[in-house]
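Encoded as structure tokens, the structure appears first; notes follow it.
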Amino acid sequence: MLRIRNLESGYGSLKVLRKLSMHVSPGEIVTIIGANGAGKSTLLRTISGQLRARGGQILFNGDEIGKLAPEKIVFMGCSLVPEGRQVFATMTVKENLILGGYVQYRKKKMSAVEEGLERVLGLFPILREREGQLAGTLSGGEQQMLAIGRALMARPTLIMMDEPSMGLAPLIVKGIFQTIVRLREEGNTVLLVEQNARAALKVADRGYVIETGKLVLEGKSEYLLGDSEVQRAYLGKGYTEIWE
Amino acid sequence: MDMELLLLYLVAGVTYGIIYAIVAIGFNIIYNTTGIINFAQGEFVMLGGMTAVTLNAFLPLPAAIVLAVILTMAVGALIEIIFIRWLVSPSVLRMIIITIGISIVVREAALHIWHEGVRALPYFTGNEITSVSLAGVRMSPQVLWVLGICSVMVVALNLFFHYTFLGRQMRACASNREAARLCGISAKNMVTLSFVLSAGIGALAGCVISPITYVQYDSGTGLAIKGFAVAILGGLGNSMGAVAAGLLLGVLESFSIMVMPTAYKDAIAISIMLGVLFVRPSGLFGSREAAKLKEF
Ligand SMILES: Nc1ncnc2c1ncn2[C@@H]1O[C@H](COP(=O)(O)OP(=O)(O)O)[C@@H](O)[C@H]1O
Ligand SMILES: [Mg+2]
């Protein structure tokens with residue numbers, strides 16, 4: 001579904017990603033873990049088209065997307081839930097979701113957007129209660145649900161999430177991860193970036209570990225969870241155990 | 001001072017005020033989608049008026065106005081596509097210089113096409129000496145046209161921004177450009193559209209006001225200054241604030257004639273703008289938080 005070869009990317013003169021290769025197959029949950037500043041968000045921004053790839057290939061369903069604008073990539077079925085949620089703060093919850101459905105609106109008609117709205121509101125009942133409220137007035141957890149819901153409105157075949165658990169209370173985080181599992185059960189493919197490595201590996205099929213823009217380890221989640229190197233660096237005492 | 005005279009001043013003030021408000025809303029629409037001030041905003045008003053006068057020579061008035069508005073919108077789109085679209089995250093200073101440059105080019109072009117003559121569309125109904133009586137005040141029917149058409153524009157814009165998909169797309173770009181692009185919305189097209197919309201409302205305002213104020217190649221400049229002052233006063237980006245601030249400035253100017261020589265009338269807008277910038281940089285109705293979110 002997604003295949004990346006020798007990807008290079010960065011900002012100005014700063015090289016962040018160096019010859020990074022990875023892939024995601026249909027129906028998988030794949031997680032990317034790594035310390036703060038490792039380049040996880042840079043990777044997702046490059047795949048989503050917000051940053052231009054400087055070298056290597058990004059193939060989505062066989063098509064090269066490395067040079068496409070973000071709005072084109074969304075139309076191809078690859079959506080990003082950006083870091084820090086980035087909801088439209090001055091607009092209502094419902095308007096946020098409807099805008100997420102822009103792709104559907106353009107492809108078919110308004111009815112597809114209405115259907116998507118029902119589906120997302122079913123997935124996150126709290127958003128139904130908040131429908132008319134301005135997105136900026138929601139709690140962090142609700143904003144995260146809204147950001148995920150907005151991305152789902154495009155009916156992507158691959159949904160990428162950048163640290164959905166960031167800054168949220170443990171109980172809320174648990175709910176978010178349950179949602180991710182549920183999304184996969186419904187046939188979605190998820191690429192999940194997390195600092196909360198243990199929780200991410202618990203839900204994921206496979207994982208990649210990146211350090212300063214380079215891939216250092218990859219494998220099945222159980223394998224990474226048991227790996228002494230990963231345990232030392234990412235599952236150590238500093239990391240709260242939320243999933244249990 | 002008798003009541004009728006006061007009311008006359010009030011009506012005159014409101015008439016000018018609502019035009020200022022439309023110009024200010026034009027500033028706001030572009031500011032909200034791009035974060036820049038388009039100093040060529042006044043030129044759209046002039047172009048609308050001038051084009052309509054020319055077209056009216058061989059077209060009936062309504063057709064001339066509609067066509068003039070459409071042509072001005074096309075000019076707005078062209079300006080954006082030629083000068084703005086290809087810039088990659090330009091600095092605010094660069095944008096200011098570019099839009100001032102555009103305003104000069106448009107003005108010079110207008111001078112070549114139309115020369116220095118002062119023109120005006122005919123009164124939409126009646127003529128210079130017809131008057132209607134409303135609440136005991138006698139006023140020109142054109143005043144009612146100005147108030148009516150401008151009010152309809154304000155309401156229509158509000159409905160557009162809040163209830164149509166396209167309007168929501170524009171608001172989404174204003175709220176969070178990157179997130180809008182991640183929804184598949186073309187931010188660049190929204191910027192073009194904001195120029196088209198601003199040009200359109202400016203041109204229509206230029207048509208309805210021209211029988212009262214007349215129009216010539218450089219009449220956009222003064223309006224742009226007033227409109228900019230109103231946009232600042234109402235809080236940049238805030239269209240309802242612009243309406244309130246526009247009416248306030250129009251009425252203040254109008255009443256100032258009673259206490260000050262007419263020559264000082266134009267200084268009022270600038271004084272108010274400077275005063276507001278010193279005391280409340282976010283404008284009378286803008287929130288400080290909102291002002292902080294913007295680029296400057
Ligand atoms: N907008 C930016 N401009 C310049 N450098 C950036 C920008 N965003 C991130 N970086 C740098 O790129 C590196 C990787 O950042 P990022 O991808 O955000 O890491 P992560 O998401 O893994 O925490 C860091 O060194 C960071 O300082
Ligand atoms: Mg990050």
Side-chain angles (χ1 to χ4, degrees), chain A residues 12 44-45 47-52 68-92 94-107 109-110 113 116 134-136 143 146-147 149-156 159-162, chain B residues 28-29 31-33 35 85-89 91 157-194 235-241 282-283 285-295:
Chain A
L44 292 197
R45 277 189 217 125
I47 300 172
S48 69
Q50 290 176 296
L51 267 178
R52 181 68 65 90
L68 296 183
E71 49 267 32
K72 293 266 158 43
I73 292 171
V74 177
F75 270 88
M76 297 172 76
C78 175
S79 288
L80 171 67
V81 182
E83 188 171 21
R85 346 215 193 277
Q86 312 294 340
V87 294
F88 303 121
T90 52
M91 305 179 77
T92 65
K94 191 173 178 187
E95 284 178 319
N96 268 268
L97 292 175
I98 287 177
L99 283 160
Y102 174 65
V103 169
Q104 291 301 317
Y105 169 76
R106 279 289 296 274
K107 279 183 179 166
K109 47 189 174 313
M110 209 54 200
V113 180
L134 291 185
Q143 287 194 9
L146 179 58
R150 186 179 63 186
L152 287 173
M153 288 291 293
R155 286 197 156 270
I159 180 162
M160 307 189 286
M161 302 187 193
D162 197 344
Chain B
N28 284 342
I29 291 173
Y31 175 75
N32 279 343
T33 49
R85 198 180 180 88
W86 54 274
L87 298 170
V88 185
S89 55
S91 69
L157 278 176
N158 246 303
L159 294 176
F160 170 73
F161 280 122
H162 286 91
Y163 296 103
T164 68
F165 216 112
L166 197 57
R168 283 172 172 158
Q169 280 168 250
M170 290 185 74
R171 276 167 64 221
C173 278
S175 173
N176 190 326
R177 189 184 169 95
E178 278 306 311
R181 297 187 74 191
L182 288 175
C183 290
I185 296 165
S186 162
K188 291 198 165 179
N189 288 350
M190 292 306 116
V191 173
T192 311
L193 185 60
S194 71
L236 262 179
N238 177 347
S239 287
M240 282 301 111
S282 50
F285 310 101
S287 70
R288 277 155 208 270
E289 284 69 35
K292 257 184 271 167
L293 287 176
K294 301 293 178 186
E295 286 188 54

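Proteins come first, then strands; the chains are lettered A, B, ... in the order of their sequence lines, and each starts at number 1. Note that this is a predicted model, so its numbers are computed, not measured. As a basis for the values below, the full set of heavy atoms in this structure was taken, side chains included, without hydrogen atoms, waters or symmetry mates.
- If you measure heavy-atom distances from A:M153 to chain B, you find no contacts under 4.5 Å at all.
- Counting heavy-atom neighbours within 6.0 Å of B:R171 CZ, excluding the residue itself, gives a total above 12.
- Rounding to the nearest 0.5 angstrom, the gap separating the CD atom in B:Q169 from the OH atom in A:Y105 is 7.0 Å.
- Residues A:I98 and B:F165 share a closest heavy-atom pair of O-CZ, 3.3 Å.
- Heavy-atom minimum distance, A:G100 versus B:C183: CA-SG, 3.9 Å.
- Between B:R181 and A:V74 the shortest heavy-atom distance is O-CG2, 4.0 Å.
- Nearest heavy-atom pair, B:L182 versus A:Q50, reported as atom, atom and distance to 0.1 Å: CD1-NE2, 3.8 Å.
- Atom CZ of A:R106 has 12 or fewer neighbouring heavy atoms from other residues, nucleotides or ligands inside a 6.0 Å radius.
- Here the OG1-CG distance, from A:T90 to B:N32, works out to 9.0 Å after rounding to the nearest 0.5 Å.
- Residue contact with chain B, scored on non-hydrogen atoms closer than 4.5 Å, involves the backbone of A:V87 exclusively.
- Between the side chains of B:E178 and A:Q86, no donor N or O sits under 3.5 Å from an acceptor N or O.
- Contacts of A:Y102 with chain B are made by both backbone and side-chain atoms, with heavy-atom separations under 4.5 Å.
- Within the model, atoms CG of A:N96 and OG of B:S175 stand 7.5 Å from one another, a figure rounded to the nearest 0.5 Å.
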